[in-house]
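Scroll down for the structure; my scribbles are underneath it.
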Amino acid sequence: MGWSWKSPTVVRAIAAAAAGIAIWHLVTVAWTVGARIRFNADIDWLEGGEIYHAFRWSRGEGIYQPPTEGFLPYPYPPLYWVILAGVGSIFGIDYASARTLSAVAFAVIIVLLGLELRSRIGAGRAGWFAALLGAATVAMTYPDVGGFYDLARVDTLAQAFVVISTFAVVRRRIVWAALAATCAVYTKQTMLFPVVALAASMLLQRDTKVLVRFLLVAGGSSLAALAVLEWSTHGLFLMWMLDTRHHGVDVHRLWTAGHDLLLAAPWLLVPLLALHRSRVSAQTKIWVAVLGGCTVAAVLPFIKIGGFPNNLIPVAALAGPVALMVLIDWTARAHPAARQAVLAAAGIVLALKIYDAEHYRPTAKSRKAADDLSAQLRRLSGPILCPLHPFAIIRSGHLEEQMGWINQIDAVTGKTGATYEQYMSNILVRRPEYVLLDGNSIEAPILDNIGGDYFLIGDVEGPPISSIVGMNTIPKKLYRHRR
């Protein structure tokens with residue numbers, strides 16, 4: 001039995017309320033993303049580093065360099081930076097183009113999962129209503145992931161490729177699915193877990209021909225990409241990809257991971273109903289398997305490096321829509337009241353997830369501060385180094401090589417051969433005229449080592465710029481070389 005829209009007034013009222021709240025979530029997240037795209041500073045402290053990687057790629061400069069060099073990479077594959085460099089060749093590499101790339105990826109996730117929900121109900125108003133609910137269950141998780149969906153980071157694009165791949169498998173577009181899976185892994189390596197889960201779902205359904213085709217295309221394209229990257233980096237690519245294996249594992253953090261995951265997606269346990277095989281469709285089982293892989297991808301960073309809100313994206317983006325898929329399947333042959341209960345429950349969840357979006361939008365004061373900082377940096381003559389906000393220097397017209405401090409910490413922790421002493425030596429050898437610091441404890445080793453060669457001019461002009469989400473970082477302390 002399908003959903004009937006010739007329902008009592010109370011059911012129509014519930015549907016109208018749920019639709020209204022769903023639209024609120026979609027409009028709110030679109031407005032918030034739009035308000036942030038052109039903010040000319042780091043919303044999160046790692047944004048500038050991501051954009052700087054793409055900037056280097058666009059100029060033909062090395063990414064995966066020896067650990068003794070000044071610039072060291074983030075431990076990610078290069079596809080996000082390659083795509084951003086391509087976008088930047090047309091529109092310019094800046095915060096706006098980088099965040100637009102992530103915003104488009106976020107929109108792809110929302111649209112495809114909405115369409116997947118529509119396919120479970122069918123054409124007509126009921127199908128579009130299911131699509132609306134599915135899309136809203138993604139949008140409503142914006143605060144649960146700390147507002148990271150639209151940031152200039154690899155996470156959302158990687159998740160979009162996973163969703164594209166799964167969407168294509170369900171529709172038997174295996175070549176496209178395999179290529180998207182390869183793109184996912186080469187955007188963020190932890191996406192290997194949902195890709196493996198996707199392949200496992202084909203195996204469990206005994207779809208041997210499809211599985212073989214998927215593995216041949218995905219495996220072949222992945223190996224080809226690996227060969228090119230290893231050859232072009234003289235064997236350094238894999239070294240950087242594997243450096244996180246040396247990060248310590250703390251299984252006690254599993255409690256933290258479980259707590260954060262259930263707060264972000266309390267309906268994560270609903271897909272367990274898929275264990276009742278006769279009540280769930282083959283298509284839904286594929287999505288449940290991928291959600292399982294995404295859960296592993298989300299948990300792993302928590303037990304390795306402590307976890308940050310961006311690590312929740314693989315689960316937060318999928319859990320709501322997949323839970324709805326399972327519930328729709330479970331109520332397919334039930335009394336109409338069962339599906340009406342699902343409708344009501346979805347509306348209640350959406351209502352409970354209403355949030356104050358102002359926290360995630362830059363204020364007029366912070367916009368002015370960002371523009372003032374850029375203007376002040378443009379007026380400085382001579383090379384400038386900013387260890388935590390490298391792209392702030394580049395967009396101000398100073399094109400000298402930046403050396404990220406977070407990159408260095410990752411490299412040292414990963415036992416790549418990089419040392420803090422080498423980083424300090426690189427600064428003193430290059431002798432930038434200015435060094436722009438936040439003045440926080442993370443940068444204390446830098447100041448301790450260069451203090452004899454640099455003196456504090458003072459705080460940058462104007463109000464400080466504080467990152468909106470993530471770690472609280474404020475580029476404000478300007479030092480000059482004692483020449």
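Hydrogens, waters and symmetry mates play no part in the numbers below; they use all other heavy atoms, side chains included.
Annotation: side chain to side chain contact (heavy atoms under 4.5 Å, CB included) contacts of Arg430 (sequence neighbours excluded): Glu401, Met403, Asn426, Pro432. In this view, Tyr80 satisfies the ring pair (Phe, Tyr, Trp, His ring centres under 6.0 Å) rule with no residue, not counting sequence neighbours. Every side chain to side chain donor-acceptor pair (under 3.5 Å) that Tyr95 has, sequence neighbours left out, goes to Asp42. Partners of Trp405 according to the ring pair (Phe, Tyr, Trp, His ring centres under 6.0 Å) rule, which considers only residues two or more places apart in sequence or in another chain, are Tyr420, Tyr423. By the side chain to side chain donor-acceptor pair (under 3.5 Å) test, Ser222 is found to be paired with Thr182, residues two or more places apart in sequence or in another chain being considered. Legend: residues meeting salt bridge (charged side-chain N to carboxylate O under 4.0 Å, His left out) with Arg99, ordered by chain and number and at least two apart, are Glu47. Residues satisfying the side chain to side chain contact (heavy atoms under 4.5 Å, CB included) test with Thr28, not counting sequence neighbours, are Trp24, Thr32, Tyr355, Ala357, Arg361. Remark: Leu223 engages no residue in a side chain to side chain contact (heavy atoms under 4.5 Å, CB included) (not counting sequence neighbours). A search for salt bridge (charged side-chain N to carboxylate O under 4.0 Å, His left out) contacts involving Glu116 returns Arg120, Arg171, not counting sequence neighbours.
A donor-acceptor contact shorter than 3.5 Å links the side chain of Ser201 to the backbone of Leu198. Side chain of Ser396 to backbone of Leu377: no donor-acceptor contact under 3.5 angstrom is found. Listed for the Gln402 side chain is no donor-acceptor partner under 3.5 Å among the backbone atoms of Ile393. For the pair His389 (side chain) and Gly48 (backbone), a donor-acceptor distance under 3.5 Å is absent. The backbone N or O of Phe161 lies less than 3.5 Å from no partner atom in the side chain of Ser165, so there is not a single donor-acceptor pair. Panel note: side chain Tyr479, backbone Leu436; no donor-acceptor pair is recorded below 3.5 Å.
Salt-bridge formation is not detected for the pair Asp371/Arg367: no Lys NZ or Arg NE/NH1/NH2 atom is positioned less than 4.0 Å from an Asp or Glu carboxylate oxygen.
You'll find the side chain of Leu478 stays beyond 4.5 Å of the side chain of Asp459, heavy atoms only.
Here Ile328 contributes atom CD1 and Thr284 contributes atom OG1; the two are 8.0 Å apart, rounded to the nearest 0.5 Å. Interatomic distance, CD1 of Ile110 versus CG of Leu26, reported as 6.0 Å (0.5 Å rounding). Rounded to the nearest 0.5 Å, atoms CD1 (Ile43) and CZ (Phe148) are 10.0 Å apart.
Evaluation of the side-chain hydrogen bond (donor to acceptor under 3.5 Å, both in side chains) test over residues 141-152, restricted to residues two or more places apart or in two chains, returns Arg36-Tyr142, Arg36-Asp150, Thr141-Tyr149, Tyr142-Asp150, Asp144-Lys353. Screening residues 73-98 for salt bridge (Lys or Arg N to Asp or Glu O under 4.0 Å) gives Asp94-Arg395 as the qualifying pairs, with residues at least two apart or on separate chains.
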Expected list for residues 62-79: side-chain donor-acceptor pairs under 3.5 angstrom, two or more places apart:
residue, atom, partner, partner atom, Å
Tyr64, OH, Tyr76, O, 2.7
Gln65, OE1, Arg56, NH2, 3.4
Gln65, NE2, Phe71, O, 3.1

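Using a 3.5 Å distance cut-off with no hydrogens or angles, the side chains of Thr100 and Ser97 do not pair a donor with an acceptor.
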Applying salt bridge (Lys or Arg N to Asp or Glu O under 4.0 Å) to Lys476 and Asp438, what does each step give before you reach the verdict?
CA-CA 5 Å; Lys476 61 179 180 180; Asp438 285 30; over 6 Å; no
